[in-house]
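Working notes for the structure below.
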Amino acid sequence: MPELPEVEVVRAGLAPAVTDAVIESATVIDGRALTRHPPGASDFEARLLGRTLGGPARRGKFLWIPLAPGAPGAVPAEALVAHLGMSGQMLLRPSGAPPERHERVRLDIRHPEHGDLAVVFADQRTFGSLAIDPLQDTADARAGGYGTDDALVPAQVAHIARDPLDPGFDLRAFRRTLEHKASAIKRVLLDQTVVSGIGNIYADESLWAARIHPDTRASDLSTRAVYRLIAEVRAVLEKAVAEGGTSFDAQYVNVNGQAGYFAHSLNAYGRTGQPCARCGAPIVKVSFTNRSSHFCPHCQRPPRLTA
DNA sequence: AGCTGCACCTGGCGGC
DNA sequence: TGCCGCCAGGTGCAGC
């Protein structure tokens with residue numbers, strides 16, 4: 001469930017089940033799920049045992065669950081961090097449920113109201129991973145991400161920019177950054193250190209909505225165009241969250257294993273050869289940095305060649 | 001310093 | 001039917 005809407009659906013789904021729950025046991029089935037946790041599986045399991053979970057937070061595509069400190073009322077010092085990569089899933093299952101396909105890590109938790117549950121991290125392609133990471137102060141003293149009021153962020157998430165749905169997202173700073181970027185706007189949208197949460201689907205959808213060609217040099221965009229683009233990014237992401245994210249197959253599901261509906265709302269991504277919803281011209285697909293871009297060749301005019 | 005390309009994986013699908 | 005190449009929601013980093 002890779003991009004912001006899918007991760008947000010997972011965060012919201014986990015929240016009622018894990019907040020205030022205690023970890024009864026942690027089991028690493030496949031150590032490849034811990035590439036972001038260098039100390040390894042036994043350290044991971046031991047440090048989670050008996051810990052109480054806080055409310056899950058998210059910045060861009062990174063998710064974290066604060067681990068309550070021993071002393072009541074003290075600020076959490078570390079968090080369980082998750083990145084779903086290309087195919088990761090966080091699933092809530094009844095205690096003792098049979099193993100999921102591609103199950104990598106299982107946490108057995110006890111919730112004061114909901115009782116015993118299993119939190120399963122499953123991941124076909126193993127690009128996703130979990131880690132226990134120290135929490136550090138945010139550089140701007142604002143809340144670390146969506147779902148938390150604490151001005152804290154896991155160390156390995158600190159380099160990730162705020163996402164466009166974050167109240168702390170600085171639109172003017174984003175515009176100033178673009179002024180100095182020679183790269184194509186599509187690539188800049190995918191750079192998580194500039195703006196986070198956007199992946200290949202929502203980059204194509206946002207550029208289509210803003211009528212901007214993906215190859216346009218970022219620094220060539222007018223201020224007006226940058227603001228229009230961010231407005232469309234926000235609209236696309238919010239609609240996708242409301243529709244439960246984009247599911248093309250069984251890989252992308254919420255914590256209950258259910259698909260999202262945003263695939264029905266796509267205007268560019270995956271619509272190669274189908275008519276543009278605005279003008280009827282066939283959507284084209286072009287190769288782009290080992291992946292692909294989908295756009296309308298009529299509504300999204302190629303950038304003018306500059307000397 | 002900034003930018004680009006590629007490596008890291010598994011599995012499904014279409015073509016031959 | 002079977003095999004092979006291609007493609008897929010992401011990130012990090014080597015090397016220019």
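In what follows, chains are A, B, ... by sequence order, proteins preceding strands, each numbered from 1.
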task: Using a strict cut-off of less than 4.0 Å between a Lys/Arg side-chain nitrogen and an Asp/Glu carboxylate oxygen, indicate whether Glu243(A) and Lys239(A) qualify as a salt bridge.
output: yes
query: Using purine N1 to pyrimidine N3 plus N6-O4 or O6-N4 for Watson-Crick, or N1-O2 and O6-N3 for G-U wobble, both under 3.5 Å, which nucleotide pairs with dC9(B)?
result: none
message: Classify Arg32(A) by what it touches in the nucleic acid, base, sugar-phosphate, or nothing, heavy-atom distance under 4.0 Å.
response: sugar-phosphate
message: Can you identify which nucleotide, out of dG11(B), dC3(B), dA8(C), has its nearest atom closest to the Arg101(A) side chain?
response: dG11(B)
message: Taking 4.0 Å as the cut-off, does a side-chain nitrogen or oxygen of Ser183(A) come that near to OP1 or OP2 on dT4(B)?
response: yes
task: To the nearest Å, give me how far apart NZ (Lys186(A)) and P (dC3(B)) are.
output: 18 Å
query: Taking CD1 from Ile185(A) and P from dT4(B), how many angstroms apart are they, rounded to a whole number?
result: 13 Å
message: Distance check needed: dT4(B) P versus Leu190(A) CG, whole Å only.
response: 12 Å
message: I want to check one thing: is the phosphate of dA8(C), taken as OP1 and OP2, less than 4.0 Å away from some side-chain N or O of Ser292(A)?
response: yes
message: What's Phe248(A) touching, base or sugar-phosphate or nothing? Going by heavy atoms closer than 4.0 Å.
response: base
message: Below the 4.0 Å mark, does dC9(B) have OP1 or OP2 next to a side-chain nitrogen or oxygen of His102(A)?
response: no
field: Sugar-phosphate, base or nothing in reach of Asp249(A), heavy atoms under 4.0 Å
entry: base
- request: Report yes if a donor N or O on one partner sits less than 3.5 Å from an acceptor N or O on the other, where the partners are the side chain of Arg291(A) and the base of dA8(C); otherwise report no.
  value: no
- prompt: Does any N or O in the side chain of Arg224(A) come within less than 3.5 Å of the main-chain N or O of Val226(A), such that one atom is a donor and the other an acceptor?
  reply: no
statement: Taking dA8(C), dG11(B), dG10(C) as options, the one with an atom nearest any side-chain atom of Lys61(A) is dG10(C)
message: Salt bridge check, Arg32(A) against Asp30(A): does any charged N sit closer than 4.0 Å to a carboxylate O?
response: yes
- prompt: Got a salt bridge between Arg175(A) and Glu179(A), using NZ or NE/NH1/NH2 to carboxylate O under 4.0 Å?
  reply: yes
- prompt: Do any of residues 193-200 of chain A sit with a heavy atom less than 4.0 Å from DNA chain C, and if so which?
  reply: Gly199(A), Asn200(A)
message: I'd like the P distance from dC9(B) over to dC3(C), given in whole Å.
response: 24 Å
field: Interatomic distance, Asp163(A) CG vs dT11(C) P [rounded to whole Å]
entry: 12 Å
message: Can you tell whether the side chains of Asp163(A) and Lys61(A) come within less than 4.0 Å, N to carboxylate O?
response: no
message: Let me check something: do Leu190(A) and Val233(A) share a hydrophobic cluster, defined by ILVMFWY side-chain heavy atoms less than 4.5 Å apart, either directly or through other members?
response: no
task: Specify the separation, in whole Å, of atom CD of Gln124(A) and atom P of dC13(B).
output: 11 Å
- line: Here the distance between atom C1' of dC9(B) and atom CG of Asp30(A), to the nearest Å, is 11 Å
message: Whether Arg162(A) and Asp140(A) form a salt bridge (side-chain N of Lys/Arg under 4.0 Å from carboxylate O of Asp/Glu) is what I want to check.
response: yes
field: Given dG12(B), dC9(B), dG12(C), the nucleotide with the shortest approach to the side chain of Phe62(A)
entry: dG12(C)
message: Tell me whether the side-chain N/O atoms of Lys181(A) come closer than 4.0 Å to OP1 or OP2 in dC3(B).
response: yes
- prompt: Where the side chain of Met86(A) is concerned, which of dG10(C), dC3(B), dC9(B) is the nearest nucleotide?
  reply: dG10(C)
message: Determine whether the aromatic ring centres of residues Phe295(A) and Phe288(A) are separated by less than 6.0 angstrom.
response: no
query: So does His83(A) get a side-chain nitrogen or oxygen closer than 4.0 Å to the phosphate oxygens (OP1/OP2) of dT11(C)?
result: yes
message: For dC8(B), is there a stacking contact with Phe127(A), counting only centres under 5.5 Å and planes under 30°?
response: yes
message: Nearest whole Å is fine: how far is dC13(C) P from His159(A) NE2?
response: 8 Å
statement: Of Ala182(A) and Asn290(A), the one whose nearest nucleotide on DNA chain B sits closer to the 5' end is Ala182(A)
query: Rounding to a whole Å, what distance do you find between Phe288(A):CZ and dT4(B):C1'?
result: 10 Å
message: Closest approach to the side chain of Arg187(A), judged atom by atom: which nucleotide of dC9(B), dT4(B), dG10(C) is it?
response: dT4(B)
message: Need one value for Thr35(A): base, sugar-phosphate or nothing, where a base atom within 4.0 Å counts as base even if backbone is also close, heavy atoms only.
response: nothing
- prompt: Less than 4.0 Å between a side-chain N and a carboxylate O, is that true for Arg93(A) and Glu103(A)?
  reply: no
message: With a 4.0 Å cutoff (strictly under), does any side-chain N or O of Gln192(A) reach OP1 or OP2 of dT11(C)?
response: yes
